[in-house]
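Accompanying notes for the structure given below.
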Amino acid sequence: MGYQKDVKSLMEKEINKNLENNQSFIVNDKHIFFRKIYNILFKTSIILFSIISIIPLFLILFYVLQKGITAIDWDFFVKLPKPVGVEGGGISNAIIGTFLIILMSSLMSVPLGVGTGIFLSEYQNSKLAYVVRLFVEVLQGVPSIVMGIIAYLWVVRPMGIFSGFSGAIALGMMMLPVIIKNTEETLKLIPHSLKEASMSLGVPYYKTILKVVLPSSISGIVTGVLIGIARIAGETAPLLFTAFGNPFMNLNIFKPMNSLSLLIFNYATSPYQDWHRIAWGASLFLIVFVLFTNLVANGVAKKWKVEF
Amino acid sequence: MESRVLEIKDFSMYYGDTKAVDNISMDVYKNKVTAIMGPSGCGKTTLLRSINRMHELVADTRTTGEIRLYDTEIHSISPIVLRRKIGMVFQRPNPFPTMSIYDNVIAGYKLNGIRLKRADRDIIVEDSLKKAALWEEVKDKLHRKGTFLSGGQQQRLCVARALAMKPEILLLDEPTSALDPKATTKIESLIEELKIYVTMVLVTHNMSQAARVSDYTAFLFLGELVEYGQTQKMFTTPEDKRTEEYLTGKFG
């Protein structure tokens with residue numbers, strides 16, 4: 001407060017001085033000149049910062065592309081990994097595993113997340129909503145490795161076997177907050193009058209939500225799901241002691257399953273040159289997948305947007 | 001004597017501890033337009049929304065007294081059934097943004113899961129749009145989105161949507177307040193034409209609109225029914241001093 005008072009009295013003094021000298025205290029060529037300079041400096045620096053922020057991504061893309069592109073051919077997608085020392089082979093088991101695990105996580109977390117999102121937007125001010133919102137925030141901040149340990153304790157230990165299913169549970173928990181928040185935010189934007197229109201036609205509440213409100217917000221919800229998928233596609237830590245990895249093709253969700261991120265982790269830490277190359281290839285594939293998912297999410301958000 | 005459709009008797013309505021509608025009794029007559037007017041915050045919209053129990057969407061409301069649709073107390077039947085008998089048009093046009101014009105009109109059936117033959121649906125859609133004076137303008141683009149229409153057209157689409165359910169009463173909540181003068185005129189003449197099909201209750205803050213379109217007028221002030229009677233009589237020889245003052249612009 002004292003500081004502000006000082007500034008104020010200083011300013012008043014300055015203004016009074018200017019008034020006494022019959023000078024204009026606002027229009028002052030020197031001030032204007034410096035203001036323009038500051039403006040230009042400020043603008044240039046924020047543009048510069050933005051460019052610096054995207055440099056890492058470009059470097060990563062460039063580097064991964066350079067290292068990984070040689071590993072990618074048709075066999076890479078359709079063949080199984082070969083033993084050490086044998087040329088060729090692919091990562092089809094990891095690709096299938098990743099998609100299966102993502103599918104399972106989505107099947108679990110989409111209904112849960114959308115349902116919770118509906119609740120949070122419908123009962124915004126209830127006590128339960130407050131608690132749920134708080135927990136969702138915290139869930140979002142839980143380290144991914146902890147999710148893995150939890151899934152290990154809850155699922156792997158009781159079932160006595162590592163499995164793709166347990167990995168999906170760990171990843172589903174990571175996806176959940178993204179979907180909940182997106183659904184809630186999207187639904188909050190739906191005008192109340194739309195719900196009233198439906199209710200006034202004698203449409204029951206649940207049908208109003210399912211048939212009027214949800215279809216109107218489908219773009220936001222789908223975008224949320226896609227962002228959630230992009231978020232978990234490359235997660236490694238939660239899968240280390242859940243899905244565990246598997247050198248063979250496995251479609252049984254209750255058996256250990258390979259994923260791209262696990263394959264990258266295992267191959268990159270191995271001493272074999274050939275495996276390093278495959279790990280780079282898998283990284284490239286994963287990055288392209290995440291990039292693509294994000295682009296689709298943006299497209300959906302724009303294309304399916306409902307105008308009111 | 002006109003036949004009575006709706007009977008409001010000693011009806012009060014509270015938001016929490018505040019009384020929004022205070023002990024109102026009035027009758028609504030068949031195939032007439034009844035206007036509810038009064039200054040802002042006098043409870044006219046609240047009263048209107050009580051008629052199809054839309055006020056129940058707001059938490060913490062309470063009512064006393066009776067509202068009877070013919071001989072049925074409206075609180076004794078499910079709001080879902082009631083709302084199919086009492087349609088509503090809102091302040092702002094609110095067609096369903098995901099649906100075509102055709103689907104918007106038939107929405108009451110579709111959303112309620114009432115299955116109709118295609119031919120029956122076509123008849124209902126055409127009939128409702130004709131009643132809402134919109135058919136000529138949209139008959140070639142029935143499968144375009146309802147939100148492509150102008151504001152006035154959208155509002156008439158909402159009228160058609162409510163009419164499609166063949167309601168006993170149509171509630172109009174300041175239906176022209178978001179529209180330009182030209183669209184307002186159209187809605188007003190539409191209200192005149194609709195009288196032969198449906199009984200209407202119109203909330204308006206616009207006195208001249210009440211005078212133009214209604215047969216009966218209720219004047220509400222601070223939640224109280226000050227005066228209720230035939231529009232012509234009320235606007236020429238009001239009984240209550242407050243009505244006269246409101247009509248001459250001394251307050252409100």
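So that the names make sense, note that chain A is the first sequence line, chain B the second, and so on, each numbered from 1.
Looking at B:Lys145, neither its backbone nor its side chain comes within 4.5 Å of chain A, counting heavy atoms on both sides. If you measure heavy-atom distances from B:Leu171 to chain A, you find no contacts under 4.5 Å at all. In this structure, the portion of B:Phe90 lying under 4.5 Å from any heavy atom of chain A is its side chain and not its backbone. Heavy atoms of A:Val306 lying under 4.5 Å from chain B belong exclusively to its side chain. In this structure, the portions of A:Lys211 lying under 4.5 Å from any heavy atom of chain B include both its backbone and its side chain. Proximity to chain A is absent for every atom of B:Pro93, based on heavy atoms less than 4.5 angstrom apart.
Figure legend: cation-pi geometry between B:Lys131 and B:Tyr197, with NZ or CZ positioned under 6.0 Å from the six-membered ring centre and within 45° of its axis.
Proximity of A:Ile72 to A:Phe77: side-chain heavy atoms (C-beta onward) are separated by under 4.5 Å at one or more points.
Side chains of A:Thr208 and A:Ser198: a donor on one and an acceptor on the other come within 3.5 Å. A side-chain N or O of B:Tyr70 and one of B:Lys30 form a donor-acceptor pair less than 3.5 Å apart. Under the 3.5 Å distance criterion, with hydrogens and angles disregarded, a donor-acceptor pair is assigned to the side chains of B:Thr176 and B:Gln209.
Interface summary for chain A: among B:Arg53, B:Met54, B:Gln154, the most heavy-atom pairs under 4.5 angstrom belong to B:Met54. Contacts with chain A were tallied for B:Val81, B:Leu111, B:Thr147, B:Leu57; B:Leu111 has the most, counting heavy-atom pairs under 4.5 Å.
Aromatic rings of A:Phe289 and A:Phe99 (six-membered ring for Trp) have centroids within the 6.0 Å cut-off, being under it.
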